[in-house]
Amino acid sequence: MERSLVLVKPDGVQRGLVGEVIARLEKRGLRLVGARFLLVSKALAEEHYAIHKGKPFYDGLIAYITSAPVMAMVWEGPKAIAAIRQTMGATRPWEAAPGTVRHDFALEVGRNITHASDSPENGEAEAALWFKPEELVSWSREVDKWIFE
Ligand code: IDP
Ligand code: MG
């Protein structure tokens, strides 16, 4: 079982796409572990995007992610990292596959609606950065046996 941090970024929240993103992950069969609606501090933004520090788009990225509230969530499931990134689509919306969130709702890389962790290790690390341990719920669903092999 893998865990991924998923953010509906400020553009997604402003455009009323929180429910759309949640619906797609729910329907895919992924299991929600935690959720938090918040205004991101500059410190959290900088820690979350530390890997991009120094890149030309970094300052704009920090301004974007702190500009308005985000919906932060942790989702889990088998191969959750690859599955969720597939559902979100490629970073650059014009390269995202039809049917993905970024294809269906975005045009610009700097307004691409969502974040999803890119490895199991980063999924765990990002979940720990954004959530306290007690905010993450370990639970099972009756339907799990029909989704998880
Ligand atoms: P990811 O969100 O698909 O993992 P990353 O390469 O980790 O993509 O980049 C993080 C975020 O930074 C992207 O989702 C996007 O919002 C932003 N970003 C990446 N590259 C560019 C760029 O060239 N211009 C503007 N923003 C960018
Ligand atoms: Mg990334």
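Keep in mind that this is a model prediction, so the values were computed, not measured. Both ligands and their constituent atoms are indexed starting at 1 by order of listing. Computed from heavy atoms alone, side chains included, the values below leave out hydrogens, waters and symmetry copies. When a residue number appears, it is its place in the shown sequence, counting from 1.
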Seminar exercise, completed: Ordered by chain then number, the protein residues lying under 4.0 Å from ligand 1 by heavy atom are Lys9, Tyr49, His52, Phe57, Leu61, Tyr64, Arg85, Thr91, Arg102, Val109, Gly110, Asn112
Problem set entry | Sub-4.5 Å side-chain heavy-atom contact between His115 and Ile65 | no
Problem set entry | Listed partners of Phe57 passing ring pair (Phe, Tyr, Trp, His ring centres under 6.0 Å), at least two apart | His52
For this session: Can you run down the ring pair (Phe, Tyr, Trp, His ring centres under 6.0 Å) pairs that involve residues 128-149, sequence neighbours left out, and say none if there aren't any?
Result: His48-Trp130
Exercise. Side chain of Ser4, backbone of Trp75: donor and acceptor closer than 3.5 Å?
Worked result: no
For this session: List for me each residue that meets ring pair (Phe, Tyr, Trp, His ring centres under 6.0 Å) alongside Phe105, sequence neighbours excluded, and say none if there are none.
Result: none
Seminar exercise, completed: side-chain contact (heavy atoms from CB on, under 4.5 Å) with Thr87: of Arg102, Arg24, Lys27, only one passes, and it is Arg24
